[in-house]
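Because the structure is predicted, anything quoted here is derived from the model rather than measured. When a residue number appears, it is its place in the shown sequence, counting from 1.
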Amino acid sequence: SLTNWFGEPSLQLTQDLFAFQEIIYKTKPDYILEIGVAWGGSTLFHLNLCKSLGLKGVIGVDIYIPNDLKKRLNKKKPKNTSLKLIEGSSVDIKVFNKIKKIIKNKKVFVILDSNHTHDHVFQELQKYSQFVGKGSYLICGDTIVEDIPEQKHRPREWGPGNNPKTAVDEFLKQNDR
């Protein structure tokens, strides 16, 4: 079911948002890096957490962020929170370098939830894991795609054998962090 946050739709499950909140509360990152903005509800949710916890803000990345969504998020975001929206592919080196320039050496909570193909997620894991130090988290969304039947009603590039879980499994074979 679709969840809304202050009128903006979120594709995240409510239970996942609560789990994110608990991790963010305990770890107090400076920034929340959300790869995959979609309809903006979870971005706004994270901005509200930033305000409540005194965090700097949210960096959102997506290949397409409609101007009306940008305006609504900027209008609804709490005062004294930073929102940086970057339009482009999360695996593009220019996008990565923009993010790197914003966060510098700050503590970051990373959520990967964009293109769910194995290759794309694997590239994201290689890039964005660099921002995650001891006591920080990187969440890779939709690993469940491996365990559900191929979605014939809504054809996608990803599915069983080609998804975030297969990318995480490969990444963990090569990375002991």
Side-chain angles (χ1 to χ4, degrees), residues 1-65 69 72-73 76-78 81 83-86 90-91 99 103 107-118 120-125 127-129 131-133 135-151 153-154 156-160 162-172 177:
S1 71
L2 188 63
T3 302
N4 290 307
W5 187 260
F6 286 82
E8 299 300 332
S10 172
L11 297 175
Q12 295 294 338
L13 296 173
T14 306
Q15 185 174 358
D16 289 347
L17 290 173
F18 268 77
F20 293 176
Q21 171 277 145
E22 190 64 22
I23 293 168
I24 293 164
Y25 176 77
K26 287 180 178 179
T27 61
K28 305 278 191 300
D30 295 296
Y31 288 101
I32 299 168
L33 174 56
E34 185 179 38
I35 306 295
V37 171
W39 297 342
S42 57
T43 305
L44 192 54
F45 174 84
H46 293 121
L47 282 163
N48 289 129
L49 287 177
C50 289
K51 175 66 175 178
S52 297
L53 300 173
L55 312 178
K56 292 188 183 302
V58 175
I59 303 164
V61 178
D62 213 311
I63 56 170
Y64 175 66
I65 307 171
L69 177 59
R72 288 194 319 274
L73 290 175
K76 291 179 179 181
K77 81 174 185 66
T81 58
L83 173 60
K84 304 286 187 196
L85 294 171
I86 301 171
S90 58
V91 297
I99 296 166
I103 64 169
K107 191 173 182 180
V108 181
F109 175 75
V110 179
I111 304 164
L112 302 179
D113 192 13
S114 64
N115 178 323
H116 297 322
T117 62
H118 174 96
H120 187 89
V121 175
F122 186 72
Q123 288 179 60
E124 287 179 331
L125 287 164
K127 287 182 182 337
Y128 295 102
S129 65
F131 297 149
V132 180
S136 295
Y137 284 77
L138 181 150
I139 304 290
C140 183
D142 293 304
T143 56
I144 188 126
V145 171
E146 178 66 11
D147 301 316
I148 59 175
E150 186 177 342
Q151 303 297 294
H153 70 286
R154 195 169 153 190
R156 299 285 196 194
E157 295 175 59
W158 52 85
N162 175 23
N163 58 68
K165 185 173 186 314
T166 61
V168 168
D169 290 345
E170 182 178 341
F171 178 77
L172 291 175
R177 293 183 44 223

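- Applying the side-chain contact (heavy atoms from CB on, under 4.5 Å) criterion to Pro78, with sequence neighbours excluded, gives Leu47, Asn48, Lys51, Thr81.
- Remark: Tyr31 pairs with no residue by the ring-ring contact (aromatic ring centres under 6.0 Å, His included) rule, at least two apart or across chains.
- In this structure, Asn163 and Asp142 have side chains that are not in contact, with every pair of non-hydrogen atoms separated by 4.5 Å or more.
- Distance alone, capped at 3.5 Å, places no donor-acceptor pair between the Asp30 side chain and the Lys56 backbone.
- Ile111 places a side-chain heavy atom less than 4.5 Å from the side chain of Ile32.
- Under the rule for a side-chain contact (heavy atoms from CB on, under 4.5 Å), the partners of Ser136 that lie at least two apart in sequence or sit in another chain are Lys107, Val132.
- Residues that satisfy the side chain to side chain donor-acceptor pair (under 3.5 Å) test with Thr14, not counting sequence neighbours, are Thr3.
- For Ile24 against His46, the heavy-atom pair with the smallest separation is CD1-CD2, 3.9 Å.
- Using a 4.5 Å heavy-atom threshold, the side chains of Val91 and Asn115 count as separate.
- The heavy-atom pair separating Leu11 from Ala38 by the smallest distance is CD1-CB, 3.7 Å.
- Relative orientation of the Phe109 and Tyr137 rings is tilted, given thresholds of 30° and 60° on the angle between their planes.
- Using a 4.5 Å heavy-atom threshold, the side chains of Phe171 and Ser129 count as touching.
- In this structure the side chain of Ser10 reaches within 4.5 angstrom of the side chain of Leu17, judged on heavy atoms.
- For residues 16-29, no pair satisfies side-chain hydrogen bond (donor to acceptor under 3.5 Å, both in side chains), with sequence neighbours left out.
- A 4.5 Å side-chain heavy-atom check between Gln12 and Phe45 finds every atom pair outside the cut-off.
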Inset, instruction - Evaluate side-chain contact (heavy atoms from CB on, under 4.5 Å) for Leu73 paired with Ile65, printing each intermediate quantity in order. - result: CA-CA 11 Å; Leu73 290 175; Ile65 307 171; 5.7 Å; no
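- Applying the side-chain contact (heavy atoms from CB on, under 4.5 Å) criterion to Leu172, with sequence neighbours excluded, gives Val168.
- Of all heavy-atom pairs spanning Val121 and Cys140, the tightest one is CG1-SG, 3.6 Å.
- Residues that satisfy the side chain to side chain donor-acceptor pair (under 3.5 Å) test with Ser90, not counting sequence neighbours, are His120, Glu124.
- Residues satisfying the ring-ring contact (aromatic ring centres under 6.0 Å, His included) criterion with Phe131, sequence neighbours excluded, are Phe96, Tyr128.
- Annotation: the span from Ile35 atom CD1 to Lys127 atom NZ amounts to 11.0 Å, rounded to 0.5 Å.
- Residues satisfying the side chain to side chain donor-acceptor pair (under 3.5 Å) test with Asp169, not counting sequence neighbours, are Lys165.
- Looking only at side-chain heavy atoms (C-beta outward), Val58 and Leu49 stay at 4.5 Å or farther from each other.
- Here Asn162 pairs with Thr117, His118 under the side-chain contact (heavy atoms from CB on, under 4.5 Å) rule; sequence neighbours left out.
- Counting non-hydrogen atoms of neighbouring residues, nucleotides and ligands closer than 6.0 angstrom, the CD1 atom of Ile63 reaches no more than 12 such neighbours.
- By the side chain to side chain donor-acceptor pair (under 3.5 Å) test, Lys76 pairs with Glu8, sequence neighbours left out.
- Side-chain atoms of Asp62 come within 3.5 Å of backbone N or O of Val37 as a donor-acceptor pair.
- For the side-chain contact (heavy atoms from CB on, under 4.5 Å) criterion with Val108, the lone passing option out of Ile103, Leu138, Ile99 is Ile103.
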Inset, instruction - Please report the C-alpha distance between Leu85 and Leu69 in whole Å, then the side-chain angles of each, then the deciding distance to 0.1 Å, and finally whether the side-chain contact (heavy atoms from CB on, under 4.5 Å) criterion is met. - result: CA-CA 10 Å; Leu85 294 171; Leu69 177 59; over 6 Å; no
